[in-house]
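The structure appears right after this line, and notes come after that.
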Amino acid sequence: MNPWQLIRRTVGRRSPANPQAHMTWAHTSVGRTVTRTGVFLKKQLWVWPIIAVVILSVIGLFVRSAIESTMKANLSSQLQTLLTAEAAMLDKWLEVHAANAETAANDPRLREQIGHLLVDEAASDEPVSRPDLSRVNSDIAKALAPIMASHDFIGYFVVDRSKEILASSHAVLIGQRDIRDYDQFLSRALDGEAVVSAPFPSVVMMQDEAGQVRTGEPTMYACAPIRDESFLIVGALALQLQPQREFTRILQLGQMGDSGETYAFDRNGRMVSNSRFDDDLILLGILPDQQLSRSILNVLIRDPGGDMTNGFRPTTRRSEMPMTRLVADAVEGRSGVDVEGYRDYRGVPVVGAWTWLPEYELGVATEIDLAEAFMPLTILRRTFWGLYGLLVVSAIAIFAFTVVVANLQREARKAAIEAQQLGQYTLETKLGAGAMGVVYKGHHSMLRRPTAIKLLDADRVNDASIQRFEREVQITCRLNHPSTIAIYDFGRTPEGVFYYAMEYLDGIDLQQLVEKYGAQPGGRVISILMQACGSLYEAHSQGLVHRDIKPANMMLSHRGGEPDVVKVLDFGLVKAVDEQKRAGVSAEGGLTGTPLYMSPEAIQSPMTVDNRSDIYGLGAVGYFLLTGRPVFDATSIVDLCQKHIDEVPERPSSRLGHNVSDELEYAILSCLEKTRAKRPQTARDFAQLLRKCPEAKQWNLEQAEAWWARHERGQSVEDGPARETTTSQPGYDQTMVFGND
């Protein structure tokens with residue numbers, strides 16, 4: 001909003017006690033004030049301090065934005081570098097343990113011992129005696145002892161191709177088959193791949209850090225296929241690891257600042273490494289308050305919906321919360337960096353980077369609290385807003401004076417209107433109000449001729465509205481057709497009230513005509529449309545497009561002794577098609593018009609509208625007059641516009657339930673063609689089509705006189721007030737201008 005707009009929208013105060021005294025003061029005190037400040041306002045010196053504030057603001061915003069962008073780029077690079085290093089170390093560690101498992105599985109001594117356990121009974125007709133399992137297990141344990149000791153393996157088991165456990169350091173496992181937690185990595189090993197599993201809760205009794213033996217302790221396995229002499233896979237060897245040792249330590253090496261951490265998670269969004277902040281997680285209630293309570297396998301990385309470190313407490317169970325932005329993206333197999341900020345599993349705003357390791361079914365993430373990451377930027381922002389606040393306070397003091405002066409001007413304009421006197425014109429009755437101004441019935445003090453006087457609304461006075469108001473007058477004055485509203489005078493009072501005087505029309509607009517009296521006979525519709533064609537043909541011949549043809553902008557009156565005289569009104573949205581490059585005020589390039597009567601091209605490409613767009617609107621008006629209904633009914637403006645673009649109108653005879661001549665239907669529907677080339681190319685071409693209709697001879701002077709004799713004449717309305725109607729969707733018959741000032 002520019003300064004002029006803000007001034008014009010400021011509401012002034014009037015004294016309720018003595019309107020006449022207020023009016024006198026407005027003409028004297030305000031007049032003197034306006035005179036004294038006229039030169040100042042004309043030079044617009046008051047604008048420069050505001051411009052200075054705006055320029056400084058723009059520069060400050062630009063500098064802050066540049067610094068913020070640089071910081072974000074550096075932070076993104078740091079996060080990505082740290083993540084890449086951590087993921088590479090973890091990948092290398094997993095690769096080494098997979099290779100160790102493969103080396104152990106291919107050891108000749110181990111293969112020999114395992115071969116005893118993999119005796120194929122089906123290969124022989126005679127029963128095959130099984131070796132002493134306890135002895136074989138002991139021999140396998142001895143064969144594996146060196147590699148287990150050197151690489152920190154804490155257990156093992158051997159399975160055949162059916163996944164039955166034949167030997168294990170945990171006796172309870174021997175003979176078991178298809179253990180669900182083992183299935184994934186065993187399947188991959190039996191397919192010939194050396195693999196390391198993600199950490200998961202143990203299914204056997206293990207010793208925890210306190211020396212207690214229990215199940216559910218974090219564990220992971222490095223698993224490799226066992227092959228026979230023919231290099232065929234006959235089983236698999238799994239070597240057990242404790243993730244709390246090297247796996248978690250590798251991840252905890254990567255951290256940024258005091259709040260940064262790196263962790264791993266599985267496909268279910270469960271943390272499979274230890275957090276640096278287990279004690280804090282206990283205090284937040286994310287971990288149970290128990291001895292040796294750890295985050296590994298016990299924390300679901302879900303978004304609680306608020307910052308729990310600042311007192312927020314979720315109302316849903318953690319398992320029902322959505323995954324954090326990081327995890328949701330990673331489990332889909334995508335890597336990424338987010339330096340804009342998102343909530344972590346504590347609800348704290350953080351920035352982070354993440355990646356997914358598909359061969360291990362693991363995600364790796366590194367994060368740091370947003371507040372710590374952008375601490376320098378926070379200081380910069382506070383400094384900027386402090387300086388900006390000082391500038392704004394200084395500008396307000398200067399601007400306040402301009403607002404006061406603008407209020408005085410506005411009061412002066414209102415006082416002039418309340419005095420019912422604009423120069424040589426005396427105002428009598430308010431006829432209506434439109435988007436730009438108010439229309440009064442009045443008369444010239446000398447001529448005494450009834451006149452309609454349109455005033456630019458005091459609340460809407462700005463450079464653009466004044467230019468548009470003046471342009472409406474200038475364009476309308478160029479048109480002389482009897483069916484175009486005639487302009488008598490244009491001026492501006494000393495108080496700054498813009499007005500123009502036009503012929504006073506004692507009649508009814510076409511919108512009111514249908515609302516009050518319903519659908520009109522075909523002959524009368526033709527008579528009305530042909531007169532409108534004459535007005536538009538003159539405008540089009542001068543390169544002008546009306547752009548807002550609708551029933552409310554066409555008056556029907558009894559004038560000069562002639563009944564049913566049509567007048568086309570409101571040329572405020574006229575577009576000069578030969579002046580594309582001039583700086584206009586009629587929203588060139590914007591969506592302009594009334595939705596019920598807008599052509600497809602006015603909706604899709606407003607810059608290309610021409611005289612055939614007015615012909616579309618005139619056809620829609622004819623359809624409305626003939627049927628009593630608009631061309632299309634819709635539940636929304638979007639739906640209505642889409643129908644203008646795509647939908648074929650229903651034939652008027654189908655709407656009415658009785659026949660309309662083919663010629664009249666063709667004339668109206670041809671105007672409503674979606675493609676401009678298929679419409680009548682000029683208003684005169686449309687008039688020629690109307691003349692050929694049988695109904696053209698079914699309405700004559702006598703019928704028109706009889707109609708006007710039967711019905712009371714309506715009020716003159718050039719810019720009528722908005723009406724709630726039953727013949728069109730509410731609001732869709734009102735002029736719309738998108739893209740204007």
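Model, not experiment: these values are computed from the prediction.
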Exercise for the section: Would you mind reporting whether Lys72 and Glu340 have side-chain heavy atoms less than 4.5 Å apart? Expected result: yes
Practice task
Tell me yes or no: between the side chains of Gln252 and Tyr263, is some donor less than 3.5 Å from an acceptor?
Solution key: no
Handout entry: Close side-chain approach of Gln240 and Met206, heavy atoms under 4.5 Å
Key = yes
Completion exercise
Which of Phe153, Tyr156, Phe185 passes ring-ring contact (aromatic ring centres under 6.0 Å, His included) with Tyr221? It is Phe185
Problem - Stepwise salt bridge (charged side-chain N to carboxylate O under 4.0 Å, His left out) check, Arg276 with Glu261 - result: CA-CA 7 Å; Arg276 291 177 56 205; Glu261 68 170 332; over 6 Å; no
Problem - Aromatic plane relationship, Tyr342 with Trp354 - under 30° parallel, 30 to 60° tilted, over 60° perpendicular - result: perpendicular
Handout entry: Distance, nearest 0.5 Å, that separates SG of Cys223 from CG of Leu186
Key = 5.0 Å
Completion exercise
So CG of Leu281 and CG of Asn298: to nearest 0.5 Å the spacing works out to 10.5 Å
Handout entry: Partners passing salt bridge (charged side-chain N to carboxylate O under 4.0 Å, His left out) against Arg270 (at least two apart in sequence or in another chain)
Key = Asp266
Fill in the blank from the handout: Paired with Phe247, the side chain to side chain contact (heavy atoms under 4.5 Å, CB included) test is passed by just one of Leu90, Ile296, Leu241, Asn274, namely Leu90
Exercise for the section: Decide yes or no for Glu372 and Met375: does some side-chain heavy atom of the first lie under 4.5 Å from some side-chain heavy atom of the second? Expected result: no
Problem - 4.5 Å side-chain heavy-atom contact, Leu190 and Lys163 - result: yes
Problem - Heavy-atom side-chain contact between Asp91 and Tyr360 under 4.5 Å - result: yes
Handout entry: Flag, side chain of Ser168 to backbone of Ala171, donor-acceptor distance under 3.5 Å
Key = no
Problem - Any side-chain donor near an acceptor of the partner, Thr219 and Ser202, under 3.5 Å - result: no
Problem - Sidechain N-carboxylate O distance under 4.0 Å for Arg334, Asp329 - result: yes
Exercise for the section: Check whether any side-chain N or O of Arg302 sits under 3.5 Å from a backbone N or O of Ser319 as a donor-acceptor pair, and report yes or no. Expected result: yes
Exercise for the section: Apply the test salt bridge (charged side-chain N to carboxylate O under 4.0 Å, His left out) to residues Arg346 and Asp369: give CA-CA distance (whole Å), side-chain angles for both, the deciding distance (0.1 Å), then the verdict. Expected result: CA-CA 11 Å; Arg346 303 165 298 160; Asp369 288 2; 2.9 Å; yes
What donor-acceptor contacts under 3.5 angstrom involve side-chain atoms of residues 321-328, with partners at least two apart or in another chain?
{"residue": "Thr324", "atom": "OG1", "partner": "Val327", "partner atom": "N", "Å": "3.4"}
{"residue": "Arg325", "atom": "NE", "partner": "Asp338", "partner atom": "OD2", "Å": "2.8"}

Practice task
Check whether any side-chain heavy atom of Thr215 lies under 4.5 Å from a side-chain heavy atom of Val204, and answer yes or no.
Solution key: no
Handout entry: pair Tyr345-Ser275: side-chain heavy atoms closer than 4.5 Å
Key = yes
Exercise for the section: Carefully, step by step, assess Asp278 and Arg294 under the rule salt bridge (charged side-chain N to carboxylate O under 4.0 Å, His left out). Expected result: CA-CA 6 Å; Asp278 282 355; Arg294 295 163 300 178; over 6 Å; no
Handout entry: Interatomic spacing from CG in Asn100 to CD1 in Ile147 - rounded to 0.5 Å
Key = 5.0 Å
Handout entry: Check: Gln78 and Leu82 side chains under 4.5 Å, non-hydrogen atoms
Key = no
